[in-house]
There are 2 protein chains.
Amino acid sequence: MDHSFAEADRRDAAPDMPARTIDRILSAAARLFAARGMAGVGLREITAEAGVNLAAVNYHFGSKEKLLEALFLRRAQPITAERMRLLALCAEGPGRPPMLEQLLEAFLRPAFSLGLEAGVDGATFGRLRARLAVESEELYRRILAQAFNPSTRAFLEAIVQTLPEVPRAEVEWRFHFMLGTMIYTMADSGRIQSITDGRFGTCDVETALAKLLRFLGAGFRAATPDG
Amino acid sequence: MDHSFAEADRRDAAPDMPARTIDRILSAAARLFAARGMAGVGLREITAEAGVNLAAVNYHFGSKEKLLEALFLRRAQPITAERMRLLALCAEGPGRPPMLEQLLEAFLRPAFSLGLEAGVDGATFGRLRARLAVESEELYRRILAQAFNPSTRAFLEAIVQTLPEVPRAEVEWRFHFMLGTMIYTMADSGRIQSITDGRFGTCDVETALAKLLRFLGAGFRAATPDG
DNA sequence: GTCTATACGATGATAGAC
DNA sequence: GTCTATCATCGTATAGAC
């Protein structure tokens, strides 16, 4: 039930072919899950693509859902680490963007740059995350919270402090709205192409980030009726 | 393949027990899908709850996914109809909110009031919609586009016209962001409770709408660098 | 400890009798 | 239209080989 993945990061000399069974499963699963969804791909296809036996998944991870959880935690960790690193670099100063925009960028950029464009199995991590975010099952929400809540709370506190004129409850709502725009944009649901007749995609991280920062900055600073 | 549901709205005298097989399936499926997700409920459970034969679903709808599509279109239509009705009522005038806020409310309110709080099977329509929105499979995106694009485009055009100082491309991005906040908030993913230690839920439609309007209004009006 | 082969119950889908 | 019977496939579990 409680397998240890502590040594799973060790790789062999061959760079293009992970030697360990666990890594090959994770890699194949990440590619297939993100491409066709959790329900759209079977365990047999994953193990075939990974070149391992069918039973290996349940042996190493316990279940298909546990495989998803391991996969998610593995990719979420670099995002939260980079977020905290960038958060520590935020500071007021002449010639720097306003503090709020620094915080928003520090929060958003790792999710986009590490979630959307890194390698073959990172290209669709955003979609996987989005799918988890709107899932009603308790398990998925637990995975998300466990992976992201610590860094998320740190940013919420920082934003509350930079917006003293906005009540804390209001900031929390707006933070929630920000998560929606972030996740929906990362999922790149194709709606924006559909609405704009294909003129836009969200593949360009820098463009999406710039648009997001302008939109969210204004939203967070919006005046409140009771001061 | 192309079954007609034109007469499906006709009900018999008994108000608490839909007579037609199709209606009974739709009603049972809506309740179960929304409660436990598309993957979490089987065809046998749906047909048992509806009191019909297992094969009836595939006979009347073609597949489990087609059943989902029919269910979704049936609930989406009142939303788009109400949106268009409210859109026609929007007008500049003394004592009225700014045009942008009128448009946003006309777009958002039907999705929340008809999607979140109507009856037993409407309570979780938002979650079902959110799940469709972030799905990568072409089928689901087709369902969503088909259900909502016409009214969505009408609102996009209206918003573009009320914001002459914002480039059209920027408005399209911001409209996309709005869809993200709306869908994420409707899905009520539990993240806001998780972040704020349970102080908030999104069950109160009027509160959520008020917060959304303030946030989105400011976001849409945000200044752009090139005028 | 890892890995393999194989079997089990349940699922969505389908064919054909009524 | 509605039924029963049946199918391939799914996730999972386990016995046993290295």
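Both backbone and side-chain heavy atoms feed into the values below; hydrogens, waters and symmetry mates do not. Note on naming: letters A, B, ... go to the chains in the order of the sequence lines (proteins, then strands), and numbering restarts at 1 for each one.
The structure places CZ of A/Phe107 at 7.5 Å from CD1 of A/Ile159, a figure rounded to the nearest 0.5 Å.
Each of A/Gly51 and A/Arg44 was assigned the nucleotide of DNA chain C with the nearest heavy atom; the assignment lying further toward the 5' end belongs to A/Gly51.
We find that CG of A/Leu54 is positioned 10 Å from C1' of C/dT6, with the value rounded to whole Å. Straight-line distance from the CG atom of B/Leu43 to the P atom of D/dT2: 15 Å, rounded to whole Å. Here D/dG1 presents its C1' atom at 14 Å from CZ of B/Phe61, a figure rounded to the nearest Å. One can place CD1 of B/Ile46 at 14 Å from C1' of C/dA13, the figure rounded to the nearest angstrom. Across the protein-nucleic acid pair, A/Arg20 atom CZ and C/dT2 atom C1' stand 10 Å apart, rounded to whole Å. The CD1 atom of A/Ile25 sits 13 Å away from the P atom of D/dT12 (whole-angstrom rounding). One atom, CD of A/Glu65, and another, P of D/dA13, lie 12 Å apart when rounded to the nearest Å.
Considering only side-chain N and O atoms, B/Asn53 lies nowhere under 4.0 angstrom from the phosphate OP1 or OP2 of D/dG1. For A/Thr21, no side-chain nitrogen or oxygen approaches OP1 or OP2 of C/dT2 to under 4.0 Å. The shortest distance between the side-chain N/O atoms of A/Tyr59 and the OP1/OP2 oxygens of C/dC3 is not below 4.0 Å.
Residue B/Ala55 is classed as a base contact, given a heavy-atom separation below 4.0 Å to a base.
For B/His60, the listed nucleotide lying nearest its side chain is D/dT2; candidates were D/dT2, C/dA5, D/dT12.
By the 4.5 Å heavy-atom criterion applied to side chains, A/Leu104 and A/Phe155 are not counted as neighbours.
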